[in-house]
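Letters A, B, ... are given to chains in the order of the sequence lines, protein chains preceding strands, and every chain is numbered from 1. These numbers come from the heavy atoms of this one structure, side chains and all, not from hydrogens, waters or symmetry mates.
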Amino acid sequence: MSSWLDYTINGLIVGNVYALVAVGLALIFGVSRLINFAQGSIYLVGAYIGWVAVVQLHTPLPLTIIVVAVAAAVVGLIIERFGLRPLQNSVRIAPLLATIGISFVLDQLVMLTFSPNPRALPSQLPDIRFQVGGGTIGPLDLLIAGVGLTSALLLFVFLRYTKLGWAVRATAQDRDAAMQMGVDVNRVNQAVFGIAAALGGVSGLLVGMYYNQIDTAMSLQATLKGVVAEVVGGAGNVPGAVIGSLLLGLVESYGVAMLGTSYRNLFAFLLLVVVLVLRPNGLFVSARQAPPEPLTGTFIAPSRPVHIPRWALLVAVAGFAILPLFPVSFYVLQTLINAWLLGMLALSLTLVAGTMGQVSLGHAALLAIGAYTSALLSLTLAVPVGLAVIGGGLMSAALGTLLISPSFRLRGHYVSIATLAIGEIVALVILNWESVTRGPIGISGIPPLSLFGYDLIGPTSIYWFSLAVMVVLALLQGRLLTSHLGRSFRAIRDDDIAARAYGLGLNRYKSLAFIFGGFAAGISGGIAAHLYSYINHETFNTQQSILALTVVILGGLGNVVGAILGSVALVGLPEVFRIAAEYRILIYGIVLLLLVRFRPQGLLGTV
Amino acid sequence: MTNASAEPLLALSNVNTFYGQAQVHFDLSISVARGHIVCLLGGNASGKSTTMKIILGLVKPRSGDVTFDGASLLGLSTPQIVRRGIASVPEARRLFADMSVRENILMGAFVRNDREAVAQDLDRMLTLFPKLGQRLSQRAGSLSGGEQQMVAMARALMSRPRMIVMDEPTMGLSPLYVDRVLELIRTINQEGVSVFMVEQNASLALEIAHEAYVLQTGKIVLSGPARTLKDDPRIRDAYLGGSEAA
Ligand SMILES: Nc1ncnc2c1ncn2[C@@H]1O[C@H](COP(=O)(O)OP(=O)(O)OP(=O)(O)O)[C@@H](O)[C@H]1O
Ligand SMILES: [Mg+2]
């Protein structure tokens with residue numbers, strides 16, 4: 001039985017590790033108003049470089065730390081130079097998406113190089129513990145605290161007493177004014193990315209040693225925790241990020257003490273949502289500071305959508321509809337069924353992110369809600385499957401909108417963070433609410449799809465069913481876009497202040513968009529549940545949310561036909577070329593990067 | 001144009017500027033002679049601040065040229081232009097609010113590497129702007145508008161520029177500070193620094209300027225020596241946005 005002091009020490013140590021990630025995020029956000037979603041990948045890279053150094057090269061500890069810091073910094077510089085600098089004059093969302101793409105690529109490269117299996121990362125420190133009051137502390141704890149304090153001190157000296165440090169601070173406060181003083185903003189960005197990456201890499205090394213284990217799943221977790229800590233401390237606020245991290249460490253540690261390990265992340269994300277709702281500028285930023293987000297107007301690449309004549313669409317739909325009449329393989333139908341299911345999710349996301357401008361990174365949660373609702377309705381209440389799926393859609397619409405509604409007043413990047421957190425919370429609630437969701441065991445034996453008493457078992461009938469549902473949803477959404485409501489959505493996206501002045505109630509319209517989007521996604525999840533017959537809390541994960549986002553950007557944000565085209569392309573092409581699963585994510589990441597760089601309006605243009 | 005004989009220090013020639021589809025400048029030509037104060041007058045949204053941004057390289061024109069001391073500035077980044085000797089007092093001052101007054105002033109010397117001379121110049125600023133002496137370690141954001149304007153001017157001077165561009169330096173100041181700022185601009189100019197300033201308040205600006213230009217929806221509609229413009233009735237028209245003055 002550990003004492004409260006132990007939990008406090010543990011919380012502070014873990015908080016220290018988070019701080020190394022969060023400070024980097026804060027520095028980057030400060031100078032470029034960007035949330036760097038690749039920060040966790042650098043942390044992952046740091047951990048694996050550390051593993052190579054320790055296990056294969058047998059470097060002594062101080063040298064290991066230096067090697068990791070330098071190597072990670074180089075990765076950071078490369079990201080800045082080749083991933084982000086070319087996007088300087090792009091729309092605001094471009095760099096954010098690029099960091100997501102970069103993180104996919106880096107994580108996947110690490111996984112392909114080292115395999116996804118966990119590895120041990122010994123700390124090289126003696127395994128002893130000293131008694132301190134009612135708790136104990138070991139050499140590794142002291143090392144982490146020491147690295148944390150040293151980094152903080154170095155950073156303070158850098159920012160306060162060096163010319164480049166002044167330039168960083170000036171740029172963070174007013175980029176244009178700093179340029180007018182002769183500050184070369186590119187050098188500032190470089191410095192900041194280098195420092196952030198070095199700190200992030202060392203953090204990964206220390207965490208690996210702390211748990212004596214590293215694996216590729218660390219990356220997303222680190223990004224999420226860093227973002228939580230940074231936002232809690234106030235985006236762009238460096239000392240705030242440190243305090244936010246320690247607070248996060250403590251909240252998690254006490255949460256674990258009270259309820260158990262599986263609640264750790266739940267506490268982290270609840271803390272984030274509470275802060276976002278109550279104090280979106282963070283705990284330590286006073287109201288005088290301007291909100292660090294731009295208006296939504298420039299958030300999405302403006303373009304003229306490609307016009308597709310109605311007859312061409314009819315021909316395409318008819319072609320897909322009669323496809324099963326030809327001798328095509330089961331495999332092709334299966335692939336297209338997946339594309340139609342993804343298409344429904346993409347319709348939902350393109351409405352919310354494209355038409356409404358709320359770039360959601362947690363859309364898979366809507367699938368999960370729909371899937372669990374439909375599965376449980378049909379299993380425990382014996383509701384006919386057709387109705388259960390609709391129930392899933394309705395539940396997803398209601399619950400999804402309810403969960404996101406406290407964040408309606410957020411803008412830009414903050415919406416993405418909030419949706420990401422809510423998505424994680426949904427997954428964690430599913431994991432922990434065992435009496436209803438059966439927790440980690442998941443739900444098995446979900447009855448197959450059926451319609452008016454007829455089971456849809458063969459691939460052909462499932463194919464037609466899912467295609468029909470998707471087409472109906474697409475038609476509805478097409479109607480919606482040309483209606484008055486659709487125009488109001490776009491007005492709010494383009495300039496919410498003007499829209500409000502015009503008398504549009506933002507919350508009502510955002511709710512309507514999420515209700516419609518939630519329904520489409522919930523239906524997709526519901527169908528998927530009956531198709532898979534088994535689901536658990538990981539069936540619908542963040543990776544799927546990001547895949548949906550890539551699809552939507554590929555098709556053109558807000559573009560209904562684009563969303564479906566994107567789904568077919570991203571699900572179908574890897575199948576056609578028989579690309580192994582572990583390379584697919586890599587390809588998605590590269591596709592996202594290329595799109596953002598060369599065709600931010602997507603294939604068919606934004607609407 | 002004014003001073004056609006000697007090569008001007010700064011010249012914009014036939015500049016056309018766009019924000020997306022919207023054209024902001026139409027064949028804009030302006031020149032600033034060495035040692036002169038030149039004022040750009042114009043009503044709201046006439047494109048004055050954009051002219052500043054063109055000079056500083058923050059916005060690039062679609063066509064036309066901007067030269068400083070005979071060399072084009074178009075291919076240069078803002079920091080490079082600043083290193084050529086142009087300092088700025090931006091619209092609404094744009095101090096680094098969370099840095100101290102001392103740090104703000106020293107940021108003005110960012111392009112310089114002669115530490116001792118910079119320290120001397122800081123002392124010189126405190127004689128020029130005596131009020132700032134007691135405020136050096138205060139957060140810049142906590143100063144009054146007039147004090148902030150002093151800091152912004154001191155900051156601009158710290159780079160030892162050959163020219164200062166100012167965007168509405170008297171905006172939002174009390175009458176006392178307005179006089180003080182105008183007097184300082186004259187002092188700075190007498191020390192050899194050329195000044196290009198954007199103003200809405202014509203009568204004030206014409207008191208200290210050598211030449212002036214009047215901008216109306218992106219076109220120069222009137223220009224000439226300040227002395228003659230002061231009595232020109234069309235100046236008023238330009239502001240009211242009434243008859244096509246030129
Ligand atoms: N970044 C921008 N993007 C698009 N349009 C802009 C931008 N900046 C300015 N504009 C537009 O260009 C025009 C000229 O703006 P500018 O700021 O140069 O005017 P100004 O004369 O300085 O006005 P004021 O007296 O209000 O300071 C205005 O119509 C303005 O709305
Ligand atoms: Mg202006």
Side-chain angles (χ1 to χ4, degrees), chain A residues 26-27 30-31 85 88-91 158-191 234-240 281-282 284-292 297-298 300-304 494-495, chain B residues 19-21 49 52-53 55-60 76-100 102-113 115 118 139-142 148 151-152 154-161 164-167:
Chain A
L27 280 171
V31 301
R85 201 180 298 177
Q88 252 166 13
N89 299 318
S90 318
V91 282
F158 167 73
L159 289 174
R160 190 55 62 131
Y161 299 108
T162 69
K163 215 166 163 174
L164 191 54
W166 281 40
V168 168
R169 285 161 63 212
T171 308
Q173 287 172 46
D174 191 330
R175 195 184 179 88
D176 277 2
M179 285 165 72
Q180 290 174 49
M181 300 302 119
V183 171
D184 180 347
V185 180
N186 284 336
R187 276 201 58 210
V188 167
N189 274 340
Q190 256 172 3
N237 180 342
V238 173
N281 275 337
F284 313 107
V285 175
S286 55
R288 78 186 138 69
Q289 195 138 337
T298 49
I300 280 162
S303 77
R304 193 165 297 154
D494 292 337
D495 190 342
Chain B
Y19 286 117
Q21 305 282 353
S49 299
M52 286 261 306
K53 289 179 184 158
I55 297 171
L56 290 165
L58 290 163
V59 172
K60 294 289 176 191
L76 303 184
S77 69
T78 302
Q80 286 169 326
I81 290 170
V82 172
R83 279 166 204 272
R84 292 271 165 106
I86 302 182
S88 64
V89 178
E91 189 169 20
R93 302 174 273 275
R94 307 283 289 264
L95 295 186
F96 304 112
D98 284 334
M99 295 171 88
S100 69
R102 177 199 298 274
E103 287 173 326
N104 265 277
I105 298 177
L106 289 174
M107 269 312 290
F110 189 78
V111 293
R112 294 172 56 182
N113 291 314
R115 277 169 160 258
V118 167
R139 260 189 76 246
S142 68
Q148 290 196 13
V151 177
R155 184 177 70 171
L157 284 170
M158 284 300 286
S159 65
R160 290 200 178 166
I164 296 191
V165 294
M166 303 190 186
D167 197 343

- Query: What is the distance from atom CZ of F110(B) to atom CG of L164(A), rounded to the nearest 0.5 Å?
  - Reply: 7.0 Å
- What residues form a side chain to side chain donor-acceptor pair (under 3.5 Å) with R102(B), not counting sequence neighbours? none
- Note on the structure: When rounded to the nearest 0.5 Å, the distance separating CG of L106(B) from CE of M181(A) is 12.0 Å
- Item | R85(A) CZ: over 12 foreign heavy atoms closer than 6.0 Å | yes
- Message: For P79(B) versus D184(A), what's the shortest heavy-atom pair and its separation?
- Response: CG-CA, 3.9 Å
- Is there side-chain contact between Q180(A) and L58(B), with heavy atoms separated by less than 4.5 Å? yes
- N/O donor-acceptor pair under 3.5 Å between Q173(A) side chain and D98(B) backbone: yes
- From F96(B) CZ over to R169(A) CZ, what is the distance, rounded to the nearest 0.5 angstrom? 10.5 Å
- Task: Counting only heavy atoms closer than 4.5 Å, note whether A172(A) contacts chain B via side chain, backbone, both or neither.
- Result: neither
- Message: For R84(B), is the CZ atom crowded, meaning more than 12 foreign heavy atoms sit under 6.0 Å from it?
- Response: no
- Item | Separation of W166(A) CH2 from M107(B) CE (nearest 0.5 Å) | 8.0 Å
- Task: Under 4.5 Å, heavy atom to heavy atom: which of residues 85-95 of chain B reach chain A? Give them by number, or say none.
- Result: S88(B), P90(B), R94(B)
- Task: Could you look at E103(B) and say if it's the side chain, the backbone, both or neither that has a heavy atom under 4.5 Å from chain A?
- Result: both
- For N113(B) and K163(A), the nearest pair of non-hydrogen atoms, with its separation, is OD1-NZ, 3.2 Å
- Item | Portion of A156(B) that has a non-hydrogen atom of chain A nearer than 4.5 angstrom | neither
- Message: Surrounding OH of Y19(B) (heavy atoms of other residues, nucleotides or ligands, distance under 6.0 Å), is the total greater than 12?
- Response: yes
- Measure distances from R112(B) to the heavy atoms of chain A and classify the residue's part below 4.5 Å as side chain, backbone, both or neither. backbone
